[in-house]
Structure formats: structure tokens, C-alpha cells
Amino acid sequence: MNKYKWSRIILFALFCFITYEGYPQEIILSSDQKLPINITPSIEVFKDSSARLSLAQAITKNYQKSTKDHFIFPYTNDAFWVRFKLKNTNSHTKNWFLVWGNPLVEQLDFYISDSTNQRFLHKQQKILTREKERKMIDQEPKFAFELGPQQTKTVYIKLTSKRGHYGNLRIHSEESYYKSRLDDYAGQSFFNGLVIFRLFLVVSLSLFVIKDLPFRLYSLHTVIKTFAFWGYLNIAGPWFTDDPDLAKKIDFLFYNSVTIGAGIFVYFTQIRGRLPKIHNIFTTLIILATIFESIAIFIDYQWYWLKLGVYSIIVSAFYFSTIYLYSIANKITVEKYYAIPFILGLLSYALLYIRLLGWIEYEPLYSIAYLLFLGEIFVFVIFLGRIFRNTEQNKRLAEQQLTFNLEQSARLKELDTLKTTFFANISHEFRTPLTLILSPLNDLQREFPKREIFRIMQQNAERLLALINQLLDLSKLEAGKMTVEIQRADLSRFLRQLLASFESLAQSKGIVFQYEQSQPTRIDYFDADKLEKIVTNLLSNAFKFTPEKGRIEVRVDYTEHDCIIKIKDSGIGIAAERLPVIFDRFYQADQGSNRNFEGTGIGLALVKELVHVLRGRIEVKSELGIGSTFVVTLPCDAATWGQQSLNKNDFVGAVAKTTIFEEAIEYPTDSSVLEGVVMGQVGLDLPILLIVEDNPDLRQYVRGIFGERYQVEEAQDGEEGLRIAFELVPDIVICDLMMPRLNGFGFCQALKTDPRTNHIPVVMLTAKATLEDRLEGLALGADDYLAKPFSSNELQIRVQNLLQQRRVLQQKYSQNGVLTNPLPVAEKEPSMDDVFLEKALGVVESNSADSSFDVETFAEAMRMTSVQLRRKLKALTGQTVTVFVRNYRLEKAADLLRSRAGTVSDIAYQVGFESLPYFSKVFQERFGKAPSEWH
């Protein structure tokens, strides 16, 4: 009995063991679970070395339970079976999706039992081609199945794929599956957008803009890498074919080709000619091996070729990255703007395939690889500006090297000679007419000392002469014909007299000007003419950009060999990014349409060239809003200039005539005085002309044109012009385009959009006379556009025409009956003037019976000052406020009399007339009949 008993125990234990091994583990789907569910830790796997077992045979095999939340299947010819059992305890969900988390799986056979677990439904899916929902979005294989509440079904999946796989199995409900697909569409669309943008950017730039070899090679690498990325996601294969067997080969061809692109880029930009030949050989072998793998796959699709391709990608990525580290360590030139994004891209691919081989199973590795991929794109875009600059520099260097060619150098020499001759000739041609202008002007100024126009003409003619002299100096410097004329003299005295000549300018502008020298007397070697031009230009700029009550300091220090001149101002300063280019010819730091200062941009260029000729150096430090400091260091010792000195004796009084490049100084006018003048002129029966111009000489010139026939007011910028326009409501405005604080466009727009001033005609003066500028000015409301230089007669005629047009408009609004119906029926959209008059008539209507209704009440209701109301009504109707109100009352009285609404006295009181005789008198004057005769 005991023997029999033990036999039964052993048989029962064996049965339990076989039962455990023969049945899959059960996975519960309940309503409290968050979908999707990663069921990978609960599956069981069996390796089919023959790859030929049927389902019936696979059911009987022993499976090993998975212990991870992901699976890794190796590169092999073997097949793998996965099994699990699903039990639905969710009372609502019936339809489910099983998703295999890898888009490049070659073939899956899905078997699911019926509710009795006796029969199995079979579905097969090869690498996705026709089944793909979106061509540009990767898609993982999925199987839809039904599992009703309280049902249990067994699932077997057969994996037949020579390619290695990393992924997981997830269970979705219908709702969670389609939601996840929408998230995939959003994320991958953004990612594909970045990839396509980069592809389009580099291809366009390499074909049409940047034509140097490194950029074009990087562009080729980017093109190959983009298609490699799409091959990795099974996007590329389905583009070309619906045959799954061919699609998987195309995918391999694309993602494996990244090694070829990387190898070509590194070989031609870093290895060839820079590194030992062993690197040439090794890189060539990698490229050839990659080409061989791609050909072999199409001939004989085997797992070892696939795996060899992965090894090629990983080895080449780390090898090429090491090459750059080796180059940096050995101080070999590196294309850094390409190397950093290039390495980021290679490492991202390497991490993807390292995980695929199972070397590192760290879950976030996939996310890190994608971050590196994104990092490559953003770093490249950031470096693109530097690549542009570097390309331009390389281009300039290549052009400079080309000039060393003997034939080209002879030709350039000839052209340079012609250019120098041209500048010299044209400068002399300019000097002759300028001399003929300046000489008579001197005579006229002596004859008519009170005519300010002669002073303005002479000052600007001298300024033009100085600019011509600067251009001539630049042409001489460029041609190498600027000679140095060294004198031995008292340098300290020369600079003291030169600096003293700026004291009057400092006083007129209200600027504190201080200068000091470390030695009161210093006999040195220097070129007086060039030193004068250097100091004069630097000080002129300092005074130009330093505001009233500012400060300018000059410090001159003498060393054994050098003279150091330091000029410091408290002006507007220069932005740090503009400091490297302020010495470029014709460059102006203040370049906007609202720029505060005039200039040509050649002064500092001339200074730099002169300092260079004198074998010195110039430095600048500046901060916006704080000021600038220029430091000029010039050698002045005998060792440098002794042999070139023209006069070995002491030289005294070597101060040449100093030209200050400044416009006339406009002294500020006391506000109370200005107010008195304005108020005293309001009553004059002259049209008010407002001149808005930042150049005081031009303002004075325009005032001289119109001063006898107009009441002229002036403003030095757009903001002051608006203030005066709102205060006085002028009849017409002449406005400059380029002004400080608020330019002509902004002034015109503000004027034309304000109901108080929108009716005022504006004539815009500017040197910017292109069609685009004229259209912009006219679009903002300017009534006329006149280019500088202009004819005074033409300006007068244009102003007269605009005022005449305004008088015609006044007639339109002052006709009989128009005051009671100001808006023409034919007009679809009333103008701002029409709206203003309609509002004004509404105010008068509501106060028509009030005999105490006066101008101040009227203006308050219109939200204007009384001056603004008077000027506005006068401009639109040609009537004063009193006449405007009286005419409205008379027209209303006429309507009431015509309709027999009461007696004459009653109607007179209804429309605000307290005196019946006065009413009869003005009614007779207005309509030619007495009120009693009106019908």
C-alpha cells in the first residue's frame, strides 16, 4: 500500500508539473487597469530552431516565462513563439487590439482561440506595406480581436524574422488605441517636419547659396541620413513597393547607407591630407563593406548580413567620433561647425542599434537617441549663421589668393591707378565750382551781414568741401599715395591750440569740455596735418553724439616713444555688436529711419587709415547710454620718424585751420516766450504753416519761403510736431521723413488718425524718393511727396494747391442745407470729416434751444479745446463756431416756419434766439426774406 501511495503522489506531482508547463500564464483585463497594458512581463517564449513547427506542435512545447518589460529577439534564422492567456473581467469592453512594438518585424502569425479554447483563429501579417495608415508615419503591427466580458482566450504568436527586434507587447482598447495613434501622428508629424525642413534647407543652400566642399558633403550626409531614418521606421520601403519581401530589403538599404554618407564626409573633410594613411584605408574599408552588405542583402537575405550592417553602423559611429577627438588632441584643424552636429547624429544611431543588439537594455536609451537626433538638428541650425560667415571669409580668402596671380595683379594695378586718377580729377572738378560759390558768398555776407541765408549757404558749402577732401584722402590712402610729412615741433603746444578751438562749440552746445596733457612742453616728431584730421574727426563725433549738459574729456599722455590721446564722452554710446565694424567705410551706427544724427560714415574710416599710415593703433570702448572712449597711440620718437623729418629745428605754431563738421547750433527757446508768440499770432488772419524738420538750417530756409504769407510754426522732431499740431491745428504741415524720436511716417499716421487733426494736409519732404517710400508715405495719409533737393517754387505751388483743395472741401460742407444733412447719400463709408460734422451737428441739435450755449460748452462736448474746435470747423466749413451754430439754428427755424410749427416768436425761442429783432435781422441776411414771409 505504501508503495502504491507513493506512486500516486509522484504521478500527481508530475501531472502538476506538466500542467504548469503546458498552459500559458493568465493575464487579467479589468476595468480598473489603465490602458494600454504592457503584457511583456507576463508572456512566455519558446525558441523554434527549425522554424517549421505548426501551432499544434508549438502548443506542446515548454515555454520560458519573460521577466522583463521588453523583449529582445536576436538576429537569427530561428522562429520564436510567444503565448499568453487573456481573461476579460471588464463588463464594458469587448473589442481589443494587440500591438507588437516594432515597425520592422518581418512576419507575425497571430493565433487566438475561441471561447472554448479548442479552436484557433489565424491571422498573418508581414512587414507593413498596404496596411499602413499613413505613408510618412511609422506604424507597429496590430491585431484586432474580440474578448467579451468574463471570457478567456489563449493567444499564440509566431515571430519569423531574421532581423533583431527590441520592443514590447501592449493591449489596447479601441479608444486607447486610436488615441495613441493620434498622439503618434502629432509627435511624428512634428518630428518629420523638422527632418524635412532640415533636408530642404541644406539641399537648397548647397545648390544655390553655399558652394564650398564641406557644406555640400555635409548636405549629402544629411540627405542620406534622412532616408536612413525613414528606413529605420519602415517608411521608405512602402514608398517603392507593396511587396513585403522587397520592402524589408529597401528599408535595410536605406538605414544601412548612413555609414556611407558619414564615411564620405569624414574622409574628405578630416582624414584626407590631415591624418595618417591608415585612416584612409580603414575608412575606405568601412564604406566598401557597407556597399557589399547592401548588395548581399538583395542577393541573399540572411541574418548575418543584417547583423554585419549593424556592426558597421556602431563601429563607424565610434570610429569617426574618435577621429575628431584625436584631431583636437593633436591640434589638427577641425570643421567644428559640422563636427558637433555630425557626432550627435552618429551617436544617436549608434545608441539605437546598441540596444537592438542587447548590449545595453536601459529603457530610456531610445529617448536619449532621439534627443541626440533633435540636438543635431538644432545645433546645426544654430551654427548655420557661423557657417555663412565662415563661407564668406573663405570666399574672400580665395579671392585674395586669386589676386596674387601675376596677370590679375597687373590688371588690378591698372584699375587702381584709374580709380585714383578719377577720384583726384573729380575732387578737383568739385573744388572749382565750390570755390566760385564760396567766394561770392563771402562777399555777399559782408555786404548783407543780417541775411542769415548767406551764412547757411556758406557753412554747408564748406561742409561739402570738407567731405570732398575726406574722399580724396581716402582715395590716396587706398592707392598707397598718401605721403607722411613729419615735422619736429612742440607737440604739446600744437594739441593745446587744436583742442582750444573746440571750446566755443562746447559752450554753444552746453557741454563740459576738459583737456589736459601730462607734459606742458614736448618736442616730438609728428605729421601736423594728419594728426589734426584724426583729432578733429574724433572730437566732432564726440560733440555730435553728446547731449546738452554732457561731458567730453581729452587726456594726452607722453611716453618715451609714444603719444597717447584718449577722448572720452558721455554720449549715446555704441552697441557692443557694432564696435567691430564702426571703422568700415560708409558704416553708420545710427542707421534707422528714426536716426538722430546726420553723417556720411567716412570720418572714422579716414581716422583708422590715417592712424595706420602714422604707424599707430586705435582702440574703442563703448556702452549704450554711457558713452564712448577712443584711444589713439602714435609713435613720435626719433627712432621711428627721425629719418623722415622735414625740419630738424624746433617748430612752433604748427596749427592748421580746424574744420568742425557740425550743423548750426539751435539755441533752445524759453517755453513761456514761445507760448506768448503763439498766442499773440492766433488772431492773425494768415494760414498757419507748421514745419516739422530736425535740421535747423532747413527749417529756417522753409520759413524764409513762406514767412511773409503764412503764420509759420516750427518743430524739431515728430513728437514736438504732434504736440504743436494738436495745440494749434495748423492749416498745412510740411514734414521731413527721417527725424529723431518720431519719424515722418509715424507723425503722419498719428496726425491722420486723430479726429482733431485728420483734415490737415501734409507735404512730406525726404531724400528717400523711391517708389516704395512714396507709396508708404501716401498710404499713411501724406497728401503730397517732394524729394530733396527741391525747388522753392514747386514747394509753394504744392502748398497753394493743397490749400485750394481744402477751400473746395469747405464749400462742400457750407452749402445751403448741407449742415442738416452732411453725409452724402452716395458715399458708402463716411470720411472722418463727415463723422466729425455729424457729431458736431448732433451737439448743436441737442443744445439748439439753449441760448447760453457757448464755444466752451461746445468744445467740451466735442472733447476738444476751444482753439481746436475753432480751427477744425474753420478748416472744414470756412465758418467760425458762432456762425456755424447760428446757421444751424436758422436752417432749423426755416424748416419749422415752412411746416407752420408755430409763430415766428415761438420758433425763434425754440432755436435759441432771445431777441426777436435780432432773429429777424439774421434770418433776412441768411435767406433774403423776413421770417413772416417764409413759406
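This structure is a prediction, so every number in the text was calculated from the model and none was measured. Note that these values count all heavy atoms, side chains included, but never hydrogens, waters or copies made by symmetry.
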[Y] backbone acceptor or donor facing [X] side chain under 3.5 Å:
{"X": "T89", "Y": "L29", "value": "yes"}
{"X": "K135", "Y": "P238", "value": "yes"}
{"X": "R274", "Y": "S327", "value": "no"}
{"X": "S180", "Y": "Y177", "value": "yes"}
{"X": "Q139", "Y": "P103", "value": "no"}
{"X": "R83", "Y": "V45", "value": "no"}
{"X": "S316", "Y": "I313", "value": "yes"}
{"X": "N88", "Y": "L147", "value": "yes"}
{"X": "T241", "Y": "G237", "value": "no"}
{"X": "D48", "Y": "L53", "value": "yes"}

Atom [atom1] of [X]: over 12 foreign heavy atoms under 6.0 Å:
{"X": "K94", "atom1": "NZ", "result": "no"}
{"X": "E174", "atom1": "CD", "result": "yes"}
{"X": "K87", "atom1": "NZ", "result": "no"}

Taking every non-hydrogen atom, the tightest pair across [X] and [Y]:
{"X": "Q270", "Y": "T333", "result": "NE2-O, 3.0 Å"}
{"X": "P141", "Y": "Q125", "result": "CB-OE1, 2.9 Å"}
{"X": "R163", "Y": "N102", "result": "NH1-OD1, 4.1 Å"}
{"X": "Y255", "Y": "A228", "result": "CB-O, 3.3 Å"}

Paired with Y370, the ring pair (Phe, Tyr, Trp, His ring centres under 6.0 Å) test is passed by just one of Y349, F190, F191, namely F191

Report the distance from atom [atom1] of [X] to atom [atom2] of [Y], rounding to the nearest 0.5 Å.
{"X": "F197", "Y": "N192", "atom1": "CZ", "atom2": "CG", "answer": "14.5 Å"}
{"X": "T283", "Y": "R272", "atom1": "OG1", "atom2": "CZ", "answer": "12.5 Å"}
{"X": "L233", "Y": "M136", "atom1": "CG", "atom2": "CE", "answer": "9.5 Å"}
{"X": "L220", "Y": "L213", "atom1": "CG", "atom2": "CG", "answer": "10.5 Å"}

Dump the intermediate steps for side chain to side chain contact (heavy atoms under 4.5 Å, CB included) on I127 and N234, then the final yes or no.
CA-CA 8 Å; I127 189 169; N234 188 36; 3.7 Å; yes

Taking the six-membered ring for Trp, are the ring centroids of [X] and [Y] within less than 6.0 Å of each other?
{"X": "F229", "Y": "F373", "answer": "yes"}
{"X": "Y311", "Y": "Y353", "answer": "no"}
{"X": "F265", "Y": "F342", "answer": "yes"}
{"X": "F252", "Y": "W305", "answer": "no"}
{"X": "Y218", "Y": "Y337", "answer": "no"}
{"X": "F71", "Y": "Y166", "answer": "no"}
{"X": "Y111", "Y": "F120", "answer": "no"}
{"X": "H172", "Y": "F97", "answer": "no"}

Could you check whether K249 pairs with D245 (Lys NZ or Arg NE/NH1/NH2 to Asp/Glu carboxylate O, under 4.0 Å)?
no

Hey, is E131 close enough to K142 for a salt bridge, meaning N to O under 4.0 Å?
no

Discussion item. Walk me through whether F254 and F240 qualify under ring pair (Phe, Tyr, Trp, His ring centres under 6.0 Å).
Written reply: CA-CA 12 Å; F254 276 77; F240 298 94; 5.8 Å; yes

* Is there a salt bridge (charged side-chain N to carboxylate O under 4.0 Å, His left out) between K153 and E146 once you walk through the steps? -> CA-CA 9 Å; K153 291 186 178 182; E146 292 185 357; 5.9 Å; no

No-hydrogen, no-angle side-chain donor-acceptor test under 3.5 Å, [X] and [Y]:
{"X": "E335", "Y": "Y324", "value": "no"}
{"X": "H165", "Y": "S161", "value": "yes"}
{"X": "N256", "Y": "E293", "value": "yes"}

With salt bridge (charged side-chain N to carboxylate O under 4.0 Å, His left out) as the criterion, how do D212 and R216 come out once you've worked through the C-alpha distance, each side chain's angles and the decisive distance to 0.1 Å?
CA-CA 7 Å; D212 65 323; R216 289 190 164 181; over 6 Å; no

Requested in this report: Assess whether salt bridge (charged side-chain N to carboxylate O under 4.0 Å, His left out) is satisfied between R181 and D184, documenting all intermediate values.
Outcome: CA-CA 5 Å; R181 288 305 293 162; D184 289 343; 3.4 Å; yes

Check step by step if side chain to side chain contact (heavy atoms under 4.5 Å, CB included) holds for T152 and E26. CA-CA 9 Å; T152 302; E26 189 173 76; 3.9 Å; yes

Any side-chain heavy atom of Y232 within less than 4.5 Å of one from V258? no

- Query: Under 6.0 Å from the six-membered ring centre of F80 and within 45° of its axis: does the NZ or CZ of K158 meet both?
  - Reply: no

Walk me through it: do Y338 and F380 pass the test ring pair (Phe, Tyr, Trp, His ring centres under 6.0 Å)? CA-CA 7 Å; Y338 305 102; F380 173 73; 7.2 Å; no

Passes side chain to side chain contact (heavy atoms under 4.5 Å, CB included), E106 versus K126? Steps please.
-> CA-CA 5 Å; E106 294 172 11; K126 291 191 175 184; over 6 Å; no

